[in-house]
Number of protein chains: 2
Amino acid sequence: MKFEAVTIKDIAKALGLSTSTVSRALRDSYEISPETKKKVLEYSEKINYRPNPIALSLKEKRSRSIGIIVCEIANSFFSQTINGIESIAYDMGYNVIIAQSHESYEREVLNVQYLASRSIDGLLVSVSSETKDLEHLRNLHDRGFPIVFFDRVVDEMETHKVIVDNFKGAYDATMHLVQCGYRHIAALAGSEYLSITKERLGGYRKALEDSGLTYNENYVQHCLHGGMLYDEVEDSLTALLQQPQKPDAIMASADKLTTNCLRYFKKRKIRVPDDVALIGFSNLDLTDLLSPSLSVVRQPAFEMGQLSTELLIHQIESKRPVKEFEQRILPPQLFIRESTDRTLVR
Amino acid sequence: MKFEAVTIKDIAKALGLSTSTVSRALRDSYEISPETKKKVLEYSEKINYRPNPIALSLKEKRSRSIGIIVCEIANSFFSQTINGIESIAYDMGYNVIIAQSHESYEREVLNVQYLASRSIDGLLVSVSSETKDLEHLRNLHDRGFPIVFFDRVVDEMETHKVIVDNFKGAYDATMHLVQCGYRHIAALAGSEYLSITKERLGGYRKALEDSGLTYNENYVQHCLHGGMLYDEVEDSLTALLQQPQKPDAIMASADKLTTNCLRYFKKRKIRVPDDVALIGFSNLDLTDLLSPSLSVVRQPAFEMGQLSTELLIHQIESKRPVKEFEQRILPPQLFIRESTDRTLVR
DNA sequence: TTTATTTACGCAAACGTTCCCGGTATAAAG
DNA sequence: CTTTATACCGGGAACGTTTGCGTAAATAAA
């Protein structure tokens, strides 16, 4: 069932004009007399004419749409980021096409190819936790295709990047644990391939060192799928709790990691923070309602989305190839709640 | 900065053929000799040719993309629905363009117009809670534009609709409260304009009647923005708790309504379920981790998204105008946890 | 050998726009 | 009265593709 729209030709025919005249009248060209303009404008209004964006795209060789690749939109951080992306994109006349990798490298590659073949003008990417090979993106980038990375960036490519200060976030979180008196602080981290994992573990380690605590390799566990799979978290936590010296606090470095930690503790009736304290990166809106309420490092997701989009569209609309790339680093925010602070627990 | 793609013309020129021959070779037409086909295929592969979807769209008068309008993607129910939509859409070669109304009628209208002007082939809509006037949608629908409603549907339009059995969901939830011994059961509902609100309140009322409890108008409060604004929830709850006979249980009929209820109770140190029990519609993944864990009515969001998309694409690809419309009703699921069941509380 | 048929390809129009390049009036300048 | 300028408008190509039609050469049938 197709839906017939009214075209410039219909207007031209109805008014006894040529398509060029109608086109020019609509674009308010000086070459068209005021009377003709008036006629055309009025008639277009009457029959509710809307220019065909497909035809325009073909002509202008740009689609005015940008692609987004994230692992999951059902993740607070990413849905908030997408909100930020949308707010800017729509303001600037772009629409967004969203694709999810579900943390799978294969699906990420497929999505990139799909989006690229759909003639989008640019791409906003947060890589999957499985991604090590970047050929699918480098390929496009090398041919001048605008790509902006956010949150999960890659060192190997020279593009705009928007991240949060992950080092500081983890440092502050760990420092907070130290100040609360915890001495055996473990880290539950995401995929080793991810930039954010490295940065966050860096902050964790530095905080330990600055506090005179020794960094213990066995206190660091990785979950390849960033907490998406409960079993991975379960295995990691079990490994941590089997250490000769059980950790008395955990710093979790991703949203799902943090909540699945809590789920594990609840299942095993491990009391938080009495048995073990928990702080984690999270952008959930309900960390205050959890049991116990969660201490978190929160990222300015909305702003990250906005900023990334501004950088991307700026690059898309730039006349000359962009050679100077920016890396914007936004500050994280620390929220202290019951899961680390015993004085807060009822 | 534009990104030059390789076209069929480039292939034709390089191989000394006409564009029609190349086109036909690529589509494996019987009119082309095996040798020519082989040459064309190999060369296209080599230079990584991808057909330009914009040009195809112009020719075929369809864009192979569908629009989605929801209030918030940062809402578990909708993000799960979108996952379902995507899974089907991508399988069938469509991409999706998502727009958010943020529960504003004005933004919904703007989004509809924007999407319609972007030559999408169909629309998946869950109306905003402010929406009463449907001209923006009826307009399109009357001209044969495929529209499928999901979750928040409207009676006034004859289209495919996919909903959950809201009546049953609310009925079961209320019945559960009755069985737990609660006798003064209030309802916190969303916008009065919404279909889901009416259906859910219907189930609530019927359950009361079937249990020999009297339905009390003052026990029903509406929040126009469906819990998005905490203040609305606060006012409604305050009104409920000021009734001469304070309610001993609350049935909340939307995601944010339910969680904001909990937030209110926590703030005021009202114990759940001891002072007041709470059950609500919610698709959150962490209702088991809340304090107390939440009894909820859960909707099969993913399946709803899949089903809606199948119906929509089926209508889009139908040769003849579709006149017979289906209304699919999926079953909700009840999860009993601490917020209603005292025996579960630690 | 002539005629009919098949095979394999090219030409050109179409989708909806924009825009370059013309062209024809009318008016002003010489 | 011719030249030049100005105002206004139309023709047609182009964007990348598909597809109906035409046609040359090769093959088969007569």
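Throughout, protein chains are lettered first and strands after them, A, B, ... in sequence-line order, and every chain is numbered starting at 1.
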S.K.: In the structure I gave you, are the side-chain heavy atoms of A:S18 and A:T21 within less than 4.5 Å of one another anywhere?
M.R.: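 Yes - at least one pair of side-chain heavy atoms lies under 4.5 Å apart.
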
S.K.: Mind calculating the distance between CG (A:L26) and P (C:dG16) to the nearest angstrom?
M.R.: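 Between P of C:dG16 and CG of A:L26: 15 Å.
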
S.K.: Separation of B:Y49 atom OH from D:dT17 atom C1', in whole Å?
M.R.: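 Rounding to the nearest Å, OH of B:Y49 and C1' of D:dT17 are 7 Å apart.
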
S.K.: Do the side chains of B:I66 and B:I120 get nearer than 4.5 Å, heavy atoms only?
M.R.: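 A side-chain contact is absent here, since even the closest heavy-atom pair is not under 4.5 Å.
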
S.K.: Return the value, rounded to whole Å, for the distance between atom NZ of B:K9 and atom P of D:dT17.
M.R.: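 Distance check: B:K9 NZ to D:dT17 P gives 9 Å.
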
S.K.: CG of B:D10 versus C1' of D:dC15: gap in Å, rounded?
M.R.: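 It is 13 Å, rounded to the nearest whole Å.
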
S.K.: Nearest nucleotide by nearest heavy atom, which residue falls closer to the 5' end of DNA chain C, B:V22 or B:A55?
M.R.: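 Result: B:V22.
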
S.K.: By side-chain contact (heavy atoms from CB on, under 4.5 Å), which residues pair with A:S119, not counting sequence neighbours?
M.R.: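 Applying side-chain contact (heavy atoms from CB on, under 4.5 Å) to A:S119 gives B:N52, B:P53, B:I54.
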
S.K.: Could you tell me whether A:E35 and A:K39 make a salt bridge, using a distance below 4.0 angstrom between a side-chain N and a carboxylate O?
M.R.: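 Here A:E35 does not pair with A:K39 in a salt bridge, since their nearest N and O are not under 4.0 Å apart.
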
S.K.: Using C1' atoms of five pairs at each end, report the bend of the helix from C:dT1-D:dA30 to C:dG30-D:dC1 rounded to 10 degrees.
M.R.: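 End-to-end axis angle: 70°.
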
S.K.: Is any side-chain N or O of B:K59 closer than 4.0 Å to OP1 or OP2 of D:dC15?
M.R.: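 False: B:K59 side-chain N/O out of range (4.0 Å or more) of D:dC15 OP1/OP2.
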
S.K.: Please classify the nucleic acid contact of A:S20 as base, sugar-phosphate, or nothing, using heavy-atom distances under 4.0 Å.
M.R.: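 The residue A:S20 makes base contact.
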
S.K.: Taking the side chain as every heavy atom from C-beta outward, state whether B:K132 and B:Y105 have any atom pair closer than 4.5 Å.
M.R.: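 With C-beta onward as the side chain, the pair stays apart.
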
S.K.: Kindly indicate whether the side chain of B:L124, heavy atoms from C-beta on, has any atom under 4.5 Å from the side chain of B:T81.
M.R.: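 No, side chains not in contact.
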
S.K.: Nearest to the B:T19 side chain among C:dA12, D:dC15, C:dT18, which nucleotide is it?
M.R.: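 Among the listed nucleotides, the one closest to the side chain of B:T19 is C:dA12.
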
S.K.: Expressed as a whole number of angstroms, how long is the span from B:L58:CG to D:dT18:P?
M.R.: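 Answer to the nearest Å: 12 Å.
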
S.K.: Are A:D151 and A:K161 close enough that some pair of their side-chain heavy atoms sits under 4.5 Å apart?
M.R.: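 No - every pair of side-chain heavy atoms lies 4.5 Å or more apart.
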
S.K.: Pick out the pairs of N or O atoms, protein on one side and nucleotides 6-9 of chain C on the other, that lie under 3.5 Å.
M.R.:
unit_1, atom_1, unit_2, atom_2, d
C:dC9, OP1, B:T36, OG1, 2.5
C:dC9, OP2, B:S33, N, 2.9
C:dC9, OP2, B:S33, OG, 3.1
C:dC9, OP2, B:T36, OG1, 3.1
C:dC9, N4, B:E31, OE2, 2.9

S.K.: Please classify the nucleic acid contact of A:S23 as base, sugar-phosphate, or nothing, using heavy-atom distances under 4.0 Å.
M.R.: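 A:S23: base contact, heavy atoms under 4.0 Å.
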
S.K.: Does one side chain, of A:H136 or A:E108, offer a donor that lies under 3.5 Å from an acceptor on the other?
M.R.: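 Yes - a donor-acceptor pair under 3.5 Å links their side chains.
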
S.K.: D:dA14 C1' sits how many Å from B:N52 CG, rounded?
M.R.: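 Rounding to the nearest Å, CG of B:N52 and C1' of D:dA14 are 14 Å apart.
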
S.K.: Classify the ring geometry between A:H141 and A:F325 as parallel (under 30°), tilted (30 to 60°) or perpendicular (over 60°).
M.R.: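 If you compare the ring of A:H141 with that of A:F325, the planes turn out tilted.
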
S.K.: Choose from C:dT17, D:dT18, D:dG16 the nucleotide whose nearest atom is closest to any side-chain atom of B:L56.
M.R.: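 Of C:dT17, D:dT18, D:dG16, D:dT18 is nearest to the side chain of B:L56.
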
S.K.: Please check the phosphate of D:dA14 (OP1 and OP2 only) for any side-chain N or O of A:K61 closer than 4.0 Å.
M.R.: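 No, outside the criterion.
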
